[in-house]
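All values derive from a computational prediction rather than experimental measurement. Sequence positions, counted from 1, serve as the residue numbers for this chain.
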Amino acid sequence: MNQLFQFLLRQRTFLLFLVLEIVNLWAIFSYNSYQHTWYFNTTNQWAASILSTTQEVKKYHQLRIVNAQLAAENARLHTQLLQLRSQQQPTGKIPYFASAALLNRYQAVACKVMDQTTQLAQNYLTIDKGLADGIKPGMAVISSTGIVGKVMSCTQNLSLIVSVLHTSNTVSAKLKSSGELGYMKWSGYQAEVGELMDVSKYKKVVKGDTVVTSDYNAVFPPNVPIGIVAKVGIEKDDTFHDIKVMLLTQFSTLTYVYVIKNRLAYQQAKLEQNKPKAE
């Protein structure tokens, strides 16, 4: 306490000057109309600016909550959409009805993208869910507009996704209008363009047709959009079409993706492992 008094005593001249300055400023802004008006307007502008910034920050945090809620709702809608696609009648005279297990085969889980690359020859994504959320390697990953990739590895709370934008990644695909089968492959150049391979030149392919996942896909559910046919030509070997596809997923702006749980994946894998080998 003595040290405080000694400090105040040493600084008494400066403190007296400071008090007088404060009183002087108060008198100027209180008893002079111009200064009073200037002070009033300035403080109001500062207060309005601070209030506006505070509201923007609150809106930003609320927007994040709203986006997460929308992503969860979209996951539910994706699950219902996959169920409806399972009910679609194939072309043929014999009526087909999917079993309850097949109708409930897929479940979409909303995940947030934490990191990703798009400019490399082999691109990956990191998402914020893992083994604790039921995510497992091999599961399909889609966006609200098209395919994204498949789960490569998981920790308890995170997962690494091998992107469609990977030169070693292929996806079984078909043309929506004709059902003609092929496979999608990324050439490694443009993040927006892929190639539909192995479609015979004798098959009709039209610009603007939609490319979707095939019914024989080991990873993705059938009929998930991939892209739109942007260019059709003939390969150099004169056997297959040269088809360029504009991918529907905008990888550069991905925020949320949906991991597709396949409840029958284990049964299918186990069943197919026991297939008799050809002699």
Side-chain angles (χ1 to χ4, degrees), residues 67 71 74-75 78 82 106 108-130 135-155 158-176 181-199 205 207-214 216-233 235 240-262:
N67 284 340
N74 283 340
H78 273 296
L82 292 171
Y106 299 111
V109 180
C111 305
K112 188 172 183 179
V113 177
M114 300 180 65
D115 186 35
Q116 76 156 324
T117 58
T118 58
Q119 304 301 322
L120 306 176
Q122 299 176 340
N123 294 289
Y124 299 88
L125 303 90
T126 303
I127 59 174
D128 67 345
K129 286 184 172 63
I135 309 300
K136 297 178 181 179
M139 288 183 173
V141 184
I142 65 175
S143 70
S144 58
T145 55
I147 64 172
V148 172
K150 65 179 178 180
V151 179
M152 181 178 180
S153 59
C154 304
T155 63
L158 302 172
S159 296
L160 184 66
I161 312 302
V162 55
S163 173
V164 171
L165 306 182
H166 192 294
T167 53
S168 299
N169 198 3
T170 59
V171 179
S172 179
K174 67 180 180 181
L175 292 166
K176 188 175 182 179
L181 295 174
Y183 68 92
M184 278 294 306
K185 184 177 177 64
W186 186 57
S187 58
Y189 301 110
Q190 296 175 286
E192 302 83 10
V193 181
E195 297 180 355
L196 183 60
M197 314 292 290
D198 283 5
V199 177
V205 181
K207 184 177 179 181
D209 196 359
T210 303
V211 180
V212 298
T213 55
S214 76
Y216 307 108
N217 206 298
V219 177
F220 294 94
N223 301 311
V224 177
I226 298 176
I228 303 297
V229 175
K231 182 182 177 182
V232 182
E235 291 283 5
F240 300 106
H241 281 293
D242 179 15
I243 305 172
K244 305 298 182 186
V245 178
M246 188 66 65
L247 300 177
L248 290 173
T249 298
Q250 299 295 320
F251 286 90
S252 60
T253 57
L254 269 185
T255 303
Y256 289 95
V257 295
Y258 306 92
V259 177
I260 307 301
K261 294 182 179 180
N262 183 352

- line: Test side-chain contact (heavy atoms from CB on, under 4.5 Å), reference I147, set V211, V224, V212, output is V224
Nearest-0.5 Å distance, OG1 of residue T255 to CD of residue Q116: 9.0 Å
query: Distance from Q250 atom CD to T118 atom OG1, nearest 0.5 Å?
result: 11.0 Å
field: From S187 atom OG to K244 atom NZ, the distance as rounded to the nearest 0.5 Å
entry: 6.0 Å
- request: For atom NZ of K261, decide whether the heavy atoms of other residues, nucleotides or ligands shown that lie under 6.0 angstrom number more than 12.
  value: yes
query: Going through the distances and angles, do I228 and T210 end up as a side-chain contact (heavy atoms from CB on, under 4.5 Å)?
result: CA-CA 5 Å; I228 303 297; T210 303; 3.6 Å; yes
task: Could you pull out the closest heavy-atom pair between I135 and C154, with the gap in Å?
output: O-SG, 3.7 Å
message: When you measure from the side chain of S172 to the backbone of Y183, do you find a donor-acceptor pair of N or O atoms at a distance under 3.5 Å?
response: no
task: Measure the spacing between CD1 of I243 and NZ of K231 and express it to the nearest 0.5 Å.
output: 12.5 Å
query: Any side-chain heavy-atom pair from I161 and V151 closer than 4.5 angstrom?
result: yes
field: side-chain contact (heavy atoms from CB on, under 4.5 Å), paired with I226, selected from I142, L248, T213
entry: T213
- line: Heavy atoms of K207 and V232 approach each other most closely as N-CG2, 4.3 Å
statement: Shortest non-hydrogen pair, N169 vs S163, comes out as ND2-O, 3.1 Å
query: Going through the checks in order, is the side-chain contact (heavy atoms from CB on, under 4.5 Å) test met by Y124 and V162?
result: CA-CA 5 Å; Y124 299 88; V162 55; 4.0 Å; yes
task: Look only at the side chain of N123 and the backbone of L165, and say whether a donor-acceptor pair between them is shorter than 3.5 Å.
output: yes
Candidate pair V245 and E195, rule side-chain contact (heavy atoms from CB on, under 4.5 Å), full reasoning: CA-CA 6 Å; V245 178; E195 297 180 355; over 6 Å; no
- line: What one should report as the nearest heavy-atom pair of H166 and Q122 is NE2-CB, 3.4 Å
message: Nearest 0.5 Å, please: how far is CZ in F240 from CG in L196?
response: 11.5 Å
query: Measuring from T167:OG1 to Y189:OH, what's the distance to the nearest 0.5 Å?
result: 10.0 Å
statement: side chain to side chain contact (heavy atoms under 4.5 Å, CB included) filter on V219, not counting sequence neighbours, yields A140, K150, N217
query: Where the side chain of S214 meets the backbone of K174, is there a donor-acceptor pair that is under 3.5 Å apart?
result: no
- request: Measure across M184 and L247 and return the closest heavy-atom pair with its distance rounded to 0.1 Å.
  value: CE-CD2, 3.9 Å
message: Given 3.5 Å as the limit, does a donor-acceptor pair link the side chain of D209 with the main chain of V229, or not?
response: no
- prompt: What heavy-atom pair brings Y106 and I260 nearest, and what distance separates the two atoms?
  reply: CD2-CG2, 3.6 Å
message: Go through it in stages, so that I can follow the logic: the residues are T249 and V164, the test is side-chain contact (heavy atoms from CB on, under 4.5 Å), and I'd like the CA-CA distance, side-chain angles, deciding distance and then a yes or no.
response: CA-CA 10 Å; T249 298; V164 171; over 6 Å; no
- prompt: Is there a donor-acceptor pair closer than 3.5 Å between any side-chain N or O of K129 and the backbone N or O of S159?
  reply: no
